[in-house]
Amino acid sequence: MNLAQLLLRQARVAGDRIAILEGTQPWATHAQWAQRSASLAQHFQAAGLQAGDRVLLFMRNHPRYLEVLWAAWWAGLVVVPVNAKLHPTEVAWIVENAQARWAFVTSDVAPDPIAGLERQVDVESPEAAALFMGRPDLADAVPWPSRPDDTAWLFYTSGTTGRPKGVMLTHRNLMTMGLTYFVDVDPVGPGDAMVYAAPMSHGCGLYAIPHLMAGARHVVPASGGVDPAELFALGRALGPLSTFAAPTIVKRLVEHAEAQGLTPDGCSASFKTVVYGGAPMYLEDIRRALRVMGPRFVQIYGQGETPMVGTVLSRVHLMDAAHPRHLARLASVGTAQAPVEIRVVDERGRALPTGEIGEVLVRGDSVMAGYWRNPQASAQALRDGWLWTGDVGCLDADGFLTLKDRSKDLLISGGANIYPREVEEVLLTAAGVAEVAVVGGPDPEWGEVVVAFVVAKAGAAPTADALDAHCLERIARFKRPKRYVFVPELPKNHYGKVLKTALRAQLQGQAA
Ligand code: AMP
């Protein structure tokens, strides 16, 4: 089992069809893609890279991303796609930890040599062009016979608590993820197109796998990133696009559609499906998104350790407004995806009854093989075949999972557990509030107090008193923020996740 077979298969059955585009410009057919990847694979082998060796990608979204991924798999290598916003010293740490031999970069992301590599290739250089230029006979250039449990992708966690860990994702994990897309997320056909606006080093890039399986097109925006106007225009030019976006990106798309006065029908010309996940989507935000852009959303919940596969909130469930528990479902992350089981357990791993809050466990073929050269962390995360996600939530009688928070984000004030997300959901319904993040601030009397960081809507100026009154009408007194901090924006990482650690550190700094 080798993911590279997916490319060879399309090169044979649909070799002449455009597979990759940069903006609206064709970049490669399936046959050209396969030949370039097979060519680079031959160079890897000629340079002495052995099956299982690591190749790093540290670059902005680029059509070459896809060619390098499949070249590495073709040669039986392991890819290490790295967040393009990391600091050079963080990347050097990953190179060292993964013992990566080669790296592929773009010069905007990596202008300088990264320590510890045998070779660093700028994908826009003539050197790179030569590597992709061979025209191997595809009948002879057979992908390396990888086994299902061989690692294909070493996915470094964001490391908000200590050093990042390398999640070993196997060919089987990623095949499972790809096939599950069609069952749980969306059917795909050759006429469809996946656009890579969010970082390809993360979930968005993983979705290249189902789209290659289905022979669809892969579109890298000319900007290499998220520009709502560009994306809407690309969709109109190429046909409705599918994409994966963190909730913050969804928000930007919705704001753009609103500002342009687009109707849901108008939006359907640009987008077929927007899969969202990776961070909490608040009830208010998804309701607005559905109102403005129409039925083109699907939510997934997963994590690097079970990539893109955990639960799904389907298009049908998102649109089923007549259901008596519709709003509760909108606020949930949906039900278990086809290849996995989900459990909510207490600290000792005992399954909890419906409605009780505990840690979320996942079991199935999408779950990682373990952490790279870290048996201790692996044993901690994988127990009796179950992945302990570190997420906290509860299941309802129909199997819908509602996440509360990461266990480390839980806030304990005067001995009472408070889930920040619940407070955030309430504050987002208050007038003038655009974004909010609730964290615990140190307090000599209460241990921790609830502090809300609030971003106001343009032209609005919500006051602490007004927000307090709003909360008093809707949640228990003890859950109300004791303090409001009004900020122009929230700190976020490259994947759009709010950096609560940074907010907590800010409060700790102030207290000290
Ligand atoms: P990562 O491994 O970087 O993809 O981060 C995974 C984490 O993001 C999960 O463990 C959750 O805490 C969070 N997450 C992922 N999907 C969702 C979602 N749909 N809703 C809320 N949080 C999510």
Side-chain angles (χ1 to χ4, degrees), residues 81-83 85-86 153-162 164-169 173-174 177 184-185 198-207 244-251 274-286 289 297-314 317-318 329-337 340 342 344 357 359-362 366-368 371-372 377 381 386-394 400-410 419-422 424-425 428 437 492-501:
V82 172
N83 178 345
K85 290 278 166 73
L86 288 191
W153 185 307
L154 203 51
F155 178 98
Y156 275 82
T157 58
S158 51
T160 45
T161 50
K165 295 188 283 285
V167 174
M168 293 188 286
L169 300 176
N173 292 153
L174 298 179
M177 181 276 304
D184 281 325
V185 180
M200 294 177 83
S201 55
H202 215 75
C204 199
L206 285 163
Y207 274 172
F244 173 76
T248 45
I249 299 180
V250 172
K251 222 168 173 167
V274 177
V275 185
Y276 66 91
M281 171 65 96
Y282 298 102
L283 184 58
E284 249 343 83
D285 291 337
I286 187 60
F297 294 94
V298 179
Q299 177 179 207
I300 60 102
Y301 154 68
Q303 57 177 202
E305 290 81 347
T306 174
M308 311 306 264
V309 184
T311 61
V312 60
L313 185 63
S314 70
H317 287 136
L318 277 159
R329 288 181 168 187
L330 281 190
S332 79
V333 290
T335 57
Q337 290 189 41
V340 295
I342 302 273
V344 170
I357 296 170
E359 182 159 347
V360 179
L361 269 48
V362 182
S366 57
V367 172
M368 67 167 178
Y371 294 111
W372 172 254
W386 289 92
L387 168 69
W388 289 61
T389 63
D391 290 313
V392 173
C394 62
F400 284 76
L401 176 70
T402 299
L403 292 181
K404 296 300 173 183
D405 282 286
R406 300 281 304 163
S407 44
K408 64 182 187 318
D409 287 335
L410 180 83
Y419 295 101
R421 168 121 188 227
E422 192 185 345
E424 290 161 358
E425 293 275 12
L428 279 168
K492 287 182 192 140
N493 73 8
H494 188 35
Y495 301 123
K497 293 186 208 249
V498 174
L499 292 167
K500 290 201 167 175
T501 21

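Read the numbers this way: they start at 1 and go in the same order the structure lists the ligands and their atoms. Positions are given from 1 along the sequence.
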Side chain or backbone, does [X] bring an N or O within less than 3.5 Å of an N or O on ligand 1?
X	answer
Arg421	no
Gln303	yes
Thr389	no
Phe155	no
Tyr276	no

Please could you name the atoms of ligand 1 that [X] approaches to less than 4.0 Å, counting only its heavy atoms?
X	result
Lys497	1 (P), 3 (O), 4 (O), 5 (O), 6 (C), 7 (C), 8 (O)
Gly304	1 (P), 2 (O), 4 (O)
Val333	18 (C), 19 (N), 20 (N)
Gly302	6 (C), 9 (C), 15 (C), 16 (N)
Gln299	18 (C), 19 (N), 20 (N)

Exercise. Taking the minimum heavy-atom distance to atom 20 (N) of ligand 1, which of Gly277, Gly278, Ala279 ranks first?
Worked result: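 Minimum heavy-atom distance to atom 20 (N) of ligand 1 goes to Ala279.
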Exercise. Are the side chain of Gln299 and the backbone of Gly334 linked by a donor-acceptor contact shorter than 3.5 Å?
Worked result: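 Judged by distance alone, no pair lies under 3.5 Å.
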Problem set entry | Sequence-distant partners of Glu305, side-chain hydrogen bond (donor to acceptor under 3.5 Å, both in side chains), two or more places apart |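 Once residues adjacent in sequence are excluded, the partners of Glu305 under the side-chain hydrogen bond (donor to acceptor under 3.5 Å, both in side chains) criterion are Tyr371.
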Exercise. Taking atom OG1 of Thr157 and atom CG of Asn83, what is their separation to the nearest 0.5 Å?
Worked result: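 The distance works out to 11.5 Å.
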Exercise. If we only count heavy atoms from C-beta on, is the Ile300 to Gln337 side-chain gap below 4.5 Å?
Worked result: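 Answer yes - side chains close enough.
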For this session: Using a 4.5 Å cut-off on heavy atoms from C-beta on, say whether the side chain of Leu387 contacts that of Met368.
Result: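 Yes; the side chains approach each other to less than 4.5 Å.
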Exercise. Is the Tyr207 ring parallel, tilted or perpendicular to the Phe244 ring (thresholds 30°, 60°)?
Worked result: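 Tyr207 and Phe244: perpendicular rings.
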Taking the non-hydrogen atoms of [X], is any one of them nearer than 4.0 angstrom to ligand 1?
X	value
Met281	no
Ile300	yes
Gly390	no

For this session: Have a look at Val360 and tell me which of Leu403, Val392, Thr311 forms a side chain to side chain contact (heavy atoms under 4.5 Å, CB included) with it.
Result: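 That would be Leu403.
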Problem set entry | Results of salt bridge (charged side-chain N to carboxylate O under 4.0 Å, His left out) for Glu284 - residues two or more places apart only |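 Expected list: none.
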Problem set entry | Ala331 to Arg421 - nearest heavy-atom pair and separation |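 Closest pair (atom of Ala331, atom of Arg421, distance): O-NH2, 3.7 Å.
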